[in-house]
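What follows is one structure encoded as structure tokens, with my remarks underneath.
Small disclaimer: the values here were computed from a predicted structure and weren't measured. Side chains included, hydrogens not; waters and symmetry mates left out as well; all remaining heavy atoms used.
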Amino acid sequence: MPEINVYEELRWRGLIHQTTDDAVLPGFLMERSRTVYAGFDPTADSLHVGHLMALMILRRFQKAGHRPIALVGGATGMIGDPSGKSEERRLLSEEELRKNVEAVEKQLKRFLDFEGKETSALLLNNYDWMGKFGYLEFLREVGKHVPVNVMLTKESVKTRLERSDSGLSYTEFSYMLLQAYDFVHLYREYGCEIQVGGSDQWGNITAGIDLARRLIGVQLYGITCPLLTKSDGTKMGKTESGALWLDPQKTSPYQFYQYWINVEDDLVEKCLKFFTDLSREEIASIVAQHREAPENRLGQRRLAQEITRLVHGESGLQAAERATAILFGAEIEQISERELDEIFSDVPSRTVSRSQLEGPGLPIVDALCLADLAKTKGEARRTIQQGGAYVNNRRVTDQEVRLTAENLVGDRTIVLRVGKKRYGLLRFEG
RNA sequence: GGGGGGUUUCCCGAGUGGUCAAAGGGGUCAGACUGUAAAUCUGAUGGCUCUGCCUUCGCAGGUUCGAAUCCUGCACCCCCCA
């Protein structure tokens with residue numbers, strides 16, 4: 001028997017974009033413990049921030065006394081969801097998929113409670129039931145119940161058909177049916193009655209609800225969460241260099257933390273509600289303080305703390321904060337080698353041969369490229385010309401400068417920076 | 001199977017024989033202003049051993065002193081008809 005009204009909770013947090021039945025759901029969710037699922041297609045070897053919202057919803061359902069199912073799309077990932085995609089996608093190889101499924105499953109486990117009682121989470125892979133389905137069997141059991149004219153009205157299909165430069169293959173067109181059937185299967189096997197997903201999943205979710213009604217005559221429900229966008233219209237969680245990954249190998253805790261520290265003021269409250277477990281009172285107080293003195297970035301700090309701890313654990317958070325304090329704080333010259341050691345693996349860095357510093361030294365332009373702060377030497381030159389390059393936090397204006405042992409901080413590190421906040425460490429060994 | 005349209009630098013998109021590394025916009029990067037914010041303004045934006053050289057306009061050949069632009073073949077995409 002749920003003690004918390006999860007519907008109210010989600011509403012307050014702004015996590016509800018659309019539901020299939022606003023009038024019924026609150027009562028439905030208070031009546032007794034329900035089972036709810038969200039799907040995650042293994043399109044990469046890690047989840048990213050974009051997946052976090054659905055995960056947080058599952059978490060909140062579980063906390064409120066419901067049972068969450070995290071579904072990994074081993075089967076659907078083989079097809080490719082056309083929702084929100086403007087172009088046909090390339091198929092992933094089975095080997096790639098296997099690797100991705102494994103990685104994603106591992107990450108999902110972090111966010112839900114799999115221990116104990118009846119609300120303990122389930123981790124399922126739809127390949128387990130989809131893989132066995134024969135084509136003819138699928139057409140007879142599932143396809144027969146889905147009118148094509150309904151499929152054609154779905155947003156994901158419509159936008160693709162309207163484009164003059166890209167089409168939609170039969171394969172991707174069929175994706176919807178697979179996801180629809182997943183829902184039916186989960187209802188039959190696990191009594192799952194609710195599906196949650198991003199707003200782009202609406203079409204797929206309702207397809208599942210329709211199918212369940214036609215096939216077995218039951219009423220299922222769907223909830224979608226909003227797409228979080230920045231003031232420039234881009235999706236939250238995207239960076240210049242791609243997604244913000246949850247895998248520390250792909251996005252270090254420091255980089256992850258920095259992303260949230262830089263969130264614009266207008267989004268802080270939303271993010272706190274979406275991504276942290278802080279209570280209403282705590283969030284209200286943080287937001288109030290933040291409004292009074294936005295320059296202190298209290299909101300961003302709390303946000304970065306909470307979400308980094310959630311994703312990377314206490315040690316990840318500490319590493320991130322340490323690196324931040326060192327790089328954005330003290331004079332670089334005063335930083336000890338030990339401190340540099342500590343942050344070395346968190347900040348983007350490169351180890352190179354010490355011999356580079358000998359003789360005339362390492363041209364600054366090459367150094368910036370080595371540290372991945374510039375893609376080409378031309379770009380490095382340009383950056384210097386425009387006054388955006390720093391060695392140990394000192395601006396460099398001469399493109400011809402060469403780095404020698406004299407530039408070392410501690411005894412083997414040089415701290416490079418491009419722009420206001422992109423740091424790169426070079427370590428000289430050997 | 002038939003007919004038509006298309007493929008340009010990160011993206012959109014101009015360019016139909018030399019003055020094209022290729023207009024314009026977007027994005028991105030840097031600077032100024034700030035608070036490691038938003039907005040705004042400025043500049044940059046193929047590579048390099050950089051007053052020059054090299055590589056790019058779907059792919060492969062050809063015509064020409066010279067091709068993103070003309071010709072031939074191929075691939076892929078879109079639309080219409082069957």
Exercise for the section: Report which part of the nucleic acid A:Glu379 touches: base, sugar-phosphate, or nothing (heavy-atom distance under 4.0 Å, all strands). Expected result: nothing
Practice task
Report which part of the nucleic acid A:Asn262 touches: base, sugar-phosphate, or nothing (heavy-atom distance under 4.0 Å, all strands).
Solution key: base
Problem - Under the side-chain contact (heavy atoms from CB on, under 4.5 Å) test, residues paired with A:Leu278 that sit two or more places apart - result: A:Leu272, A:Thr276, A:Glu282, A:Ile283, A:Ile286, A:Arg302, A:Glu306
Compile the donor-acceptor pairs under 3.5 Å between side chains in residues 402-416 of chain A and protein atoms, sequence neighbours left out, one pair per line.
unit_1, atom_1, unit_2, atom_2, d
A:Arg402, NH1, A:Gly361, O, 3.1
A:Thr404, OG1, A:Glu406, N, 3.3
A:Asn407, OD1, A:Thr404, N, 3.0
A:Arg412, NH1, A:Glu429, OE1, 3.4
A:Arg412, NH1, A:Glu429, OE2, 3.1
A:Arg412, NH2, A:Asp341, OD1, 3.3
A:Thr413, OG1, A:Glu337, OE2, 3.2

Exercise for the section: Please work out if A:Val418 contacts a base, only the sugar-phosphate, or nothing of the nucleic acid, heavy-atom cut-off 4.0 Å. Expected result: sugar-phosphate
Exercise for the section: Taking only Lys NZ, Arg NE, NH1 and NH2, and the carboxylate oxygens of Asp or Glu, determine whether A:Asp22 and A:Arg11 approach each other closer than 4.0 Å. Expected result: yes
Exercise for the section: Could you identify which residues of residues 290-311 of chain A place a heavy atom less than 4.0 Å from some atom of RNA chain B, listed by residue number, or say none? Expected result: A:Pro294, A:Glu295, A:Arg297, A:Gln300
Exercise for the section: Take the angle between the ring planes of A:Phe183 and A:Tyr37 and call it parallel below 30°, perpendicular above 60°, tilted in between. Expected result: perpendicular
Exercise for the section: Could you give the distance separating B:rU45 and B:rG25 at their P atoms, to the nearest angstrom? Expected result: 14 Å
Fill in the blank from the handout: Taking a pair to mean Watson-Crick or G-U wobble geometry with both distances below 3.5 Å, B:rA75 pairs with B:rU7
Handout entry: More than 12 heavy atoms of other groups within 6.0 Å of A:Arg394 CZ
Key = no
Practice task
Under the side-chain contact (heavy atoms from CB on, under 4.5 Å) rule, collect the residues that match up with A:Ala38, sequence neighbours excluded.
Solution key: A:Phe40, A:Ala54, A:Leu58, A:Val196
Exercise for the section: Enumerate the residues from residues 360-378 of chain A whose closest heavy atom to RNA chain B is under 4.0 Å, giving them by residue number; use none for an empty result. Expected result: A:Thr376, A:Lys377, A:Gly378
Practice task
Quote, to the nearest angstrom, the P distance that separates B:rC79 from B:rA44.
Solution key: 41 Å
Exercise for the section: Could you let me know what B:rU42 is paired to, Watson-Crick or G-U wobble, both distances under 3.5 Å, or none if it's on its own? Expected result: B:rA30
Problem - Assigned partner base of B:rG24, Watson-Crick or wobble definition, under 3.5 Å - result: B:rC12
Exercise for the section: Find the partner of B:rG1: check Watson-Crick (N1-N3 plus N6-O4 or O6-N4) and G-U wobble (N1-O2, O6-N3) distances, both under 3.5 Å, and reply none if neither fits. Expected result: B:rC81
Exercise for the section: Look through every strand shown and name the nucleotide pairing with B:rC70 as Watson-Crick or G-U wobble, where both distances are under 3.5 Å. Expected result: B:rG62
Handout entry: Separation of the P atoms in B:rC11 and B:rA23, to the nearest angstrom
Key = 15 Å
Which donor-acceptor pairs under 3.5 Å do side chains of residues 309-320 of chain A form with protein atoms, sequence neighbours excluded?
unit_1, atom_1, unit_2, atom_2, d
A:Arg309, NE, A:Glu314, OE1, 2.8

Problem - Side-chain (A:Arg417) to main-chain (A:Arg422) donor-acceptor, under 3.5 angstrom - result: no
Exercise for the section: With heavy atoms under 4.0 Å as the rule, sort A:Tyr423 into base, sugar-phosphate or nothing. Expected result: nothing
Handout entry: Any A:Lys421 side-chain N or O less than 4.0 Å from OP1/OP2 of B:rA37
Key = yes
Practice task
Answer yes or no on whether A:Arg13 is positioned over the face of A:Phe274, meaning its NZ or CZ is under 6.0 Å from the six-membered ring centre and within 45° of the axis.
Solution key: no
Handout entry: Integer angstrom distance from the C1' of B:rA14 to that of B:rU72
Key = 27 Å
